[in-house]
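Have a look at the structure below, then the notes.
Note that this is a predicted model, so its numbers are computed, not measured. Starting from 1, each residue takes its place in the sequence as its number. In listed order, ligands and their atoms are each counted from 1.
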Amino acid sequence: MKAYDGMYIGGAWRPAAGQDVIEVVNPVDEQVIGTVPAGTAEDVDAAVRAARDALPGWAATPPAERAARLAALRDGLVARADEIAETVTAELGSPLKFSQAVHAAVPIAVAGSYAELAATYSFEEKTGNSVVHHEPIGVVAAITPWNYPLHQIVAKVAPALAAGCTIVVKPAEDTPLVARLFAEAVHEAGVPAGVFNLVTGLGPVAGQALAEHPGVDLVSFTGSTAVGRRIAAIAAGQIKKVALELGGKSANVILPTADLAKAVNVGVANVMSNSGQTCSAWTRMLVHRDRYDEAVELAATAAAKYGDRIGPVVNAKQRDRVRGYIEKGVAEGARLVAGGPEAPRETGFFVSPTVFADVTEDMTIAQEEIFGPVLSILQYEDEEDALRIANGTVYGLAGAVWAGDETEAVAFARRMDTGQVDINGGRFNPLAPFGGYKQSGVGRELGVHGLAEYLQTKSLQF
Ligand code: NAP
Ligand code: MG
């Protein structure tokens, strides 16, 4: 157990204004592994002022130099990859291999992609008798969740730095330690003082103060729809720009011509990964009625194999929430074919990998985001029925389509109301825009589309 001090503000670790701390708990054994300061409005104000002061200088820094800092930052993350993975494993509970392969590796790839984009993006364009400059939007407030704790920070900070913005990050209270590691890497990368700032603290205190601060030009938030709605309302009052990455209830559509075993196995792995705490997880599997029973059996077998291999969920509240949803699924008449609400272990915030069959569209578990290792399998009659079910939620973040031939899968994917679709098991691409249709959010992250979120245009006419 270690008591970490200070907030990274204006290029140095400065004592917090208040005395309160947040305990960081290891979800595997429920032990407190450290404490960080619980920031207040005073800390947030100091951080936003530092970011405002640093803005003119950083905005005027040539993109090639910003790119060089980002490349140095990527190298710093590479050098710290083991420490990053161990830290995420300690505070989030994910198995070390997953932390290495995803929680450490993806942020490195994303930081690298923005080092490249900063160097190659055209911040100036000509149209007719005008020159259009792409200028930084200003001071960015980044409020991030715990499920991919470093990725979600880097997916905001890297494009903001590339654009010439300055930034204040408020990480999730459950995972502040990897955020502190990141601040050290930013410092060592030679990013000028005040360009990046970190305030740890509670959402309704530090997070809200940051969203409300008049010195902030753009609030970029990832997390629950409920908090996203609040932040959007605050921003509307001040005509601030917002970017929101919210929840999902994505569909994995297995068309009759698909390789069923592959589609089901990849689908189950997708939902169980990170203990189900992935906003873009394909938590609804849609199977044609002729192949339904076979798919259910395959999914139950696949889920049972995960047994002890998945980590816990992040905290006790999340565990109770997920188990509550499983109980609700049973009560509403869905059929448990793997897992269930019982705690698989005495200590730790574990939930059994769970699969429900006979799920109908109107059930709570088919409509609401559970954010745990829970898969619902629904049955469809024909392609139109599958499309109606796939599009039948308030969300539209991600999805998957499986078919015997790619053209058939693409034709279906084009009719889905969702921001990204994996075709026959397509791989994650850190350059592809990520973000939601409908209530899954506003704006996009990653790649050149993610960079554009942090820019505004100025047209000069000649
Ligand atoms: P959350 O409350 O929305 O947390 C996201 C971030 O917002 C955290 O940094 C949080 O701080 C902060 N926050 C909370 N209240 C705030 C406020 N009033 N003003 C400003 N910032 C505020 O999410 P959660 O409670 O951790 O998880 C609840 C559910 O959200 C999950 O079960 C899941 O369904 C969904 N979720 C979605 C995603 C996603 O990637 N789309 C990620 C995480 C969670 P604290 O950490 O101090 O609360
Ligand atoms: Mg919260």
Side-chain angles (χ1 to χ4, degrees), residues 20-25 27 36-41 44 91-92 141-153 155-156 168-179 198-213 216 219-235 240 242-250 273-281 283 313-325 349 351 364-365 367-374 393-398 419 434-436 438-443 445-446:
D20 290 351
V21 297
I22 294 170
E23 290 189 335
V24 185
V25 174
V36 297
T40 60
V44 166
E91 62 187 354
L92 181 66
I143 301 175
T144 59
W146 40 263
N147 57 328
Y148 290 90
L150 183 57
H151 168 63
Q152 281 141 335
I153 290 172
K156 299 184 190 312
V168 178
V169 174
K170 201 302 278 177
E173 68 189 85
D174 293 292
T175 54
L177 299 183
V178 75
L198 177 75
V199 175
T200 51
L202 300 178
V205 183
Q208 183 138 342
L210 185 55
E212 284 172 346
H213 200 294
V216 165
V219 187
S220 178
F221 168 83
T222 301
S224 63
T225 303
V227 175
R229 193 172 277 123
R230 263 182 98 110
I231 283 173
I234 291 169
K240 262 178 204 164
V242 284
L244 306 171
E245 296 293 340
L246 307 177
K249 193 73 194 175
S250 299
S273 156
N274 211 34
S275 304
Q277 303 166 122
T278 305
C279 45
S280 56
T283 49
V313 297
V314 69
N315 56 34
K317 187 175 153 207
Q318 195 65 20
R319 174 198 58 199
D320 296 345
R321 190 170 177 271
V322 175
R323 283 162 69 183
Y325 273 115
F349 309 128
V351 178
T364 307
I365 56 167
Q367 290 295 326
E368 293 184 14
E369 182 173 57
I370 298 174
F371 234 60
V374 183
T393 76
V394 296
Y395 294 114
L397 189 54
F434 181 93
K438 301 194 283 186
Q439 287 185 30
S440 285
V442 176
E445 293 194 316
L446 303 183

Assess whether salt bridge (Lys or Arg N to Asp or Glu O under 4.0 Å) is satisfied between Glu445 and Lys156, documenting all intermediate values.
CA-CA 7 Å; Glu445 293 194 316; Lys156 299 184 190 312; 2.7 Å; yes
Let me see the working for Gln277 and Val313 under side-chain contact (heavy atoms from CB on, under 4.5 Å), right down to the final yes or no.
CA-CA 7 Å; Gln277 303 166 122; Val313 297; 3.3 Å; yes
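The ligand atoms of ligand 1 that sit less than 4.0 angstrom from a heavy atom of Ile143 are 6 (C), 7 (O), 9 (O), 12 (C), 21 (N). Taking every non-hydrogen atom of Thr144 and a distance limit under 4.0 Å, the qualifying atoms of ligand 1 come out as 6 (C), 8 (C), 9 (O). With ligand atoms numbered from 1 in the order given, ligand 1 contributes 39 (C), 40 (O), 41 (N) to contacts under 4.0 Å with heavy atoms of Cys279. Ligand-side atoms of ligand 1 in range of Arg230: 18 (N), range being under 4.0 angstrom from any heavy atom. Atoms of ligand 1 found under 4.0 Å from any heavy atom of Gln152 (numbered from 1 in listed order, with element): 40 (O). The contact set between ligand 1 and Gln208, taken as ligand atoms under 4.0 Å from a residue heavy atom, comprises 17 (C), 18 (N), 19 (N), 20 (C). The Pro145 neighbourhood of ligand 1 comprises atoms 42 (C), 43 (C), with distances under 4.0 Å to a heavy atom of that residue. Annotation for ligand 1: atoms under 4.0 Å from non-hydrogen atoms of Gln318 are 31 (C), 32 (O).
Residue Ser224 places at least one N or O, backbone or side chain, under 3.5 Å from an N or O of ligand 1. Among the atoms of Gly207, none of the N or O lies under 3.5 angstrom from an N or O of ligand 1.
Gln277 does not count as a contact of ligand 1, since none of its heavy atoms falls under 4.0 Å from the ligand. By the 4.0 Å heavy-atom criterion, Asp174 is excluded from the residues contacting ligand 1. Under a 4.0 Å heavy-atom criterion, Phe221 is in contact with ligand 1.
The heavy atom nearest to atom 10 (C) of ligand 1, considering only Arg321, Glu173, Lys170, is found in Lys170. When Val322, Thr222, Leu397 are checked for heavy-atom proximity to atom 5 (C) of ligand 1, Thr222 turns out nearest. Of the candidates Val227, Ile231, Thr175, it is Val227 that places a heavy atom closest to atom 2 (O) of ligand 1.
The side-chain heavy atoms of Thr283 and Ile370, taken from C-beta on, include no pair separated by under 4.5 Å. At a threshold of 4.5 Å between non-hydrogen side-chain atoms, the residues Asn274 and Leu92 count as touching. The shortest distance between side-chain heavy atoms of Val36 and Leu177 falls below 4.5 Å. The side-chain heavy atoms of Leu246 and Phe221, taken from C-beta on, include a pair separated by under 4.5 Å.
Note that the OG atom of Ser280 and the CG atom of Asn147 stand 9.0 Å from one another [nearest 0.5 Å]. Atom OG1 in Thr278 sits 9.5 Å away from atom CD in Glu369 (nearest 0.5 Å). One distance of note links CG of Asp174 with NZ of Lys317; it measures 9.0 Å at 0.5 Å rounding. Put simply, CZ on Arg323 and CZ on Phe349 are 11.5 Å apart, with the number rounded to the nearest 0.5 Å.
Without hydrogens or angle criteria, Glu212 side chain to Ile234 main chain gives no donor-acceptor distance under 3.5 Å.
Contact annotation for Leu246 and ligand 1: only backbone heavy atoms (N, CA, C, O) come within less than 4.0 Å of the ligand. Neither the backbone nor the side chain of Thr225 has any atom closer than 4.0 Å to an atom of ligand 1 (non-hydrogen atoms only).
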